[in-house]
Asker: 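Sharing a structure, written as structure tokens. Questions coming.
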Amino acid sequence: MPCPLLDRARYGTVAKKWIGAALGFLAPLVIKVGWYVFVLADEGSGADPALRWPVVALTFVVTLAGAGYLWRTRRP
């Protein structure tokens with residue numbers, strides 16, 4: 001598991017924890033790294049101002065989806 005806290009938590013199965021961690025941590029990380037590697041690597045790209053806020057919004061939504069998934073699928 002990516003986080004010892006998730007590993008020891010009794011609130012979900014291993015698969016549900018991995019899905020939540022992937023949506024809450026790994027997917028936003030891939031989005032941010034992709035932004036820096038593919039968009040910002042090209043100096044003077046005209047797409048930078050047009051794509052900046054949609055990418056920020058996408059990252060925020062994916063992070064909230066991961067947290068929401070972990071919260072919704074937890075066991076009592």
Asker: Measuring from L23:CG to W18:CH2, what's the distance to the nearest 0.5 Å?
Answerer: 13.0 Å

Asker: Which donor-acceptor pairs under 3.5 Å do side chains of residues 55-63 form with protein atoms, sequence neighbours excluded?
Answerer:
{"residue": "T59", "atom": "OG1", "partner": "V55", "partner atom": "O", "Å": "2.9"}
{"residue": "T63", "atom": "OG1", "partner": "T59", "partner atom": "O", "Å": "2.8"}

Asker: How close do A22 and P28 get, heavy atom to heavy atom, and via which atoms?
Answerer: O-CD, 4.2 Å

Asker: Hydrophobic side-chain clustering at under 4.5 Å (ILVMFWY, transitive links): who's grouped with V30? Put none if nobody.
Answerer: none

